[in-house]
2 protein chains.
Amino acid sequence: MNAAQPVSLTATVSFRLGTIGTLTTNRFTERIETFGLKLKDVGLLHLLQDGGPASQLEVARLLGVAPSLVVAMADRLEVLGAVRRLRDPGDRRRQQLVLTEQGHELLGRCTTAAQELDAELTAELDEPTRQALNAVLGTLAASLGLPH
Amino acid sequence: MNAAQPVSLTATVSFRLGTIGTLTTNRFTERIETFGLKLKDVGLLHLLQDGGPASQLEVARLLGVAPSLVVAMADRLEVLGAVRRLRDPGDRRRQQLVLTEQGHELLGRCTTAAQELDAELTAELDEPTRQALNAVLGTLAASLGLPH
DNA sequence: TATTGTTATACTCTATAACTATA
DNA sequence: TATAGTTATAGAGTATAACAATA
C-alpha cells in the first residue's frame, strides 16, 4: 500500500488549469489589442467600475502590481479617453482615477469579447456542463482570493 | 428582446480560467524552481518521456516555442543531467534529445509537485466535484489541441 | 542551396530604485 | 520626515535574425 500509481503530469488539475489558462489569456489578449488595451488594463477598468474612484496606489495594491505600472496603465487609458485623473482637493498628492463614459463602453466591449471567447472555448460542452464548469471555477476563484 | 443582460467580466469562464490559470502557473513555477527548472523545461521533459527521442526542431514545433529557446532549455537540462544530446549518425546536423534516468526522476518530482498543488487548489471542493472538474478540463484541453 | 542547431540581438512585461511634489 | 505619483533603470522571458556546420 501507499504505492503511488503513476499519474501523468498532464492529467493533473494544475497542469490543465495552467495550459488552458495560458491559451485563454493569449486569445483574450489578442482580442483586446484591437481596442488598444493590454491585459491588465482590463483589470483596472473593471476595478474602477466596481469600486468607484480609487487612488493609483490603492489600485496598485488591489491589482497586485507595482505603482509604476499603474502610472503606465493610467497614461494609456487616459489617452484612450477611458479614464480621467482627478487631483484629490483634500490631498493634492493623490490622483483619483475615474472611469469615463467611454471607459465604461470599452469595458463593455471587453466583456463581450470574453463572452464570445467563452462560446469558442466551450463549444464542445453541453449547456449544463458549461454552467457547472463556470460555477466550480467561481468557487475556486473565491477560495483563492481572486475576483469572481 | 435581444437585450443582453449585463454580465460581469469576472463571471465569464474566460476571465476565471485566465486568472486561476495564472495563479496556478505562478505557484507551480515557484515549486519547480527548487529543482532548478523553468516552467517550459517541464513540458520538454514530458515530451521526451511520451514521444521518445526527438530532434530539437521537432521539440520546438511541438512545444510551440522558438528553436533558440530549445537550445537554452536543453543546455540547462543537460547541466542538470536530465537529458543528453545525441548526434544523429544518419544526419549529423540533428541533435536527438533523450531523457536520462535522472530526468525521469525529475519529471516524477514535478508530477508529485503538481498533485500536491492540486490538493491545495481544490481543498474546498468535495471529491466528486473535483473529479468532475478534472474531467471537464480534460475534455477542454483535448478540444483545444493541448496535451491531456 | 536548404536545413539544424547555435549565438547575437532586440522586444515585451514588469519590478526596483531614484526623484519630485505635497503633506 | 513621510507619502503619492512619476521617471529611470534593470531583469526575466522569449522571439527574430545572423551565423556555422552539415546535407
Side-chain angles (χ1 to χ4, degrees), chain A residues 18-19 21-23 25-34 36-44 47-48 51 53-79 83-98, chain B residues 18-19 21-23 25-44 47-48 53-79 83-98:
Chain A
T19 52
T22 298
L23 182 145
T25 296
N26 290 344
R27 291 206 191 165
F28 185 70
T29 300
E30 275 176 23
R31 285 162 192 243
I32 61 170
E33 258 172 23
T34 316
L37 295 176
K38 308 279 188 183
L39 183 64
K40 295 201 168 163
D41 296 344
V42 183
L44 176 43
L47 203 65
L48 295 185
S55 78
Q56 293 187 193
L57 228 58
E58 280 177 296
V59 167
R61 185 176 48 77
L62 289 168
L63 292 180
V65 300
S68 57
L69 183 56
V70 177
V71 174
M73 290 192 287
D75 286 350
R76 183 167 43 241
L77 292 170
E78 213 172 26
V79 168
V83 306
R84 267 201 298 268
R85 282 175 163 105
L86 297 183
R87 277 286 169 202
D88 182 339
D91 182 346
R92 292 186 38 75
R93 291 173 304 180
R94 291 185 171 230
Q95 301 269 38
Q96 304 283 342
L97 297 179
V98 296
Chain B
T19 52
T22 298
L23 182 144
T25 297
N26 290 343
R27 291 205 190 165
F28 185 70
T29 300
E30 276 177 21
R31 285 163 192 240
I32 61 170
E33 259 172 21
T34 317
F35 311 149
L37 295 177
K38 308 279 187 182
L39 183 64
K40 296 201 166 161
D41 297 344
V42 182
L44 176 44
L47 203 66
L48 296 185
S55 78
Q56 292 187 192
L57 227 56
E58 280 177 297
V59 166
R61 186 177 47 78
L62 289 168
L63 292 179
V65 300
S68 57
L69 183 55
V70 177
V71 175
M73 291 192 286
D75 286 350
R76 183 168 41 242
L77 291 170
E78 213 172 26
V79 169
V83 307
R84 268 200 299 267
R85 280 176 165 103
L86 297 183
R87 275 290 165 200
D88 181 340
D91 182 345
R92 292 186 40 73
R93 291 172 304 181
R94 292 183 171 232
Q95 300 269 37
Q96 304 283 344
L97 297 179
V98 296

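Quantities reported herein were computed from a predicted structural model and do not represent experimental measurements. Each chain gets a letter, A, B and so on, in the order the sequences are listed, and its residues count up from 1.
Map A:E33 and A:R87 each onto its nearest nucleotide of DNA chain C; the residue landing nearer the 5' end is A:E33. In terms of position on DNA chain D, the residue among A:D75 and A:D91 whose nearest nucleotide sits closer to the 5' end is A:D91. Each of B:R92 and A:Q56 was matched to the nucleotide of DNA chain D holding its nearest heavy atom; the match closer to the 5' end belongs to A:Q56. Nearest-nucleotide positions on DNA chain C for A:R93 and A:P67 put A:P67 closer to the 5' end.
OP1 or OP2 of C:dT4 has at least one side-chain nitrogen or oxygen of B:R94 nearer than 4.0 Å. Side-chain N/O atoms of B:R85 include one lying less than 4.0 angstrom from OP1 or OP2 on C:dT6. Contact between the side-chain N/O atoms of A:K40 and the OP1/OP2 oxygens of C:dT14 is found at a separation under 4.0 Å.
Looking only at distances, a side-chain donor or acceptor of B:D41 sits under 3.5 Å from a matching main-chain atom of B:K38. No donor-acceptor pair under 3.5 Å is formed between the side chain of A:R84 and the backbone N or O of A:L97.
Atom-to-atom, CG of A:L57 to P of C:dA21 comes out at 19 Å; the value is rounded to the nearest Å. As rounded to whole Å, 14 Å separates atom P of C:dG5 from atom CG of B:L69. Rounded to whole Å, atom P of C:dC11 lies 13 Å from atom NZ of A:K38. Between the CG atom of B:D88 and the P atom of C:dT3 there is a distance of 17 Å, given to the nearest Å. Look at CG on A:L63: it is 15 Å from C1' on C:dC13, rounded to the nearest Å. The distance from atom CG of B:L86 to atom P of C:dT4 is 18 Å, rounded to the nearest whole Å. Here C:dG5 presents its C1' atom at 16 Å from CZ of B:R61, a figure rounded to the nearest Å. In this structure, CG of A:L39 is placed 11 Å from C1' of C:dC13, rounded to the nearest angstrom.
Among the heavy atoms of the strands lying under 4.0 Å from B:V65 are primed sugar atoms or P, OP1, OP2 only; no base atom is included.
When every heavy atom of B:G18 is checked against every heavy atom of A:T25, the shortest pair comes out as CA-OG1, 3.6 Å. A:S55 and A:Q96 get closest at one heavy-atom pair: N-OE1, 3.8 Å. Across all non-hydrogen atoms, the minimal contact from A:V98 to A:L48 is C-CD1, 4.2 Å.
Other residues, nucleotides and ligands place no more than 12 heavy atoms under 6.0 Å from the CZ atom of B:R92.
Interface limits on DNA chain D: the 5'-most and 3'-most nucleotides within less than 4.0 Å of chain A heavy atoms are D:dA2 to D:dT7.
In the interface, the side chain of A:S68 is not paired with the base of C:dT14 through any donor and acceptor atom under 3.5 Å apart.
Each of A:R85, A:R61, A:Q95 was checked for a side chain to side chain donor-acceptor pair (under 3.5 Å) with A:Q56, and the lone residue meeting it is A:R85.
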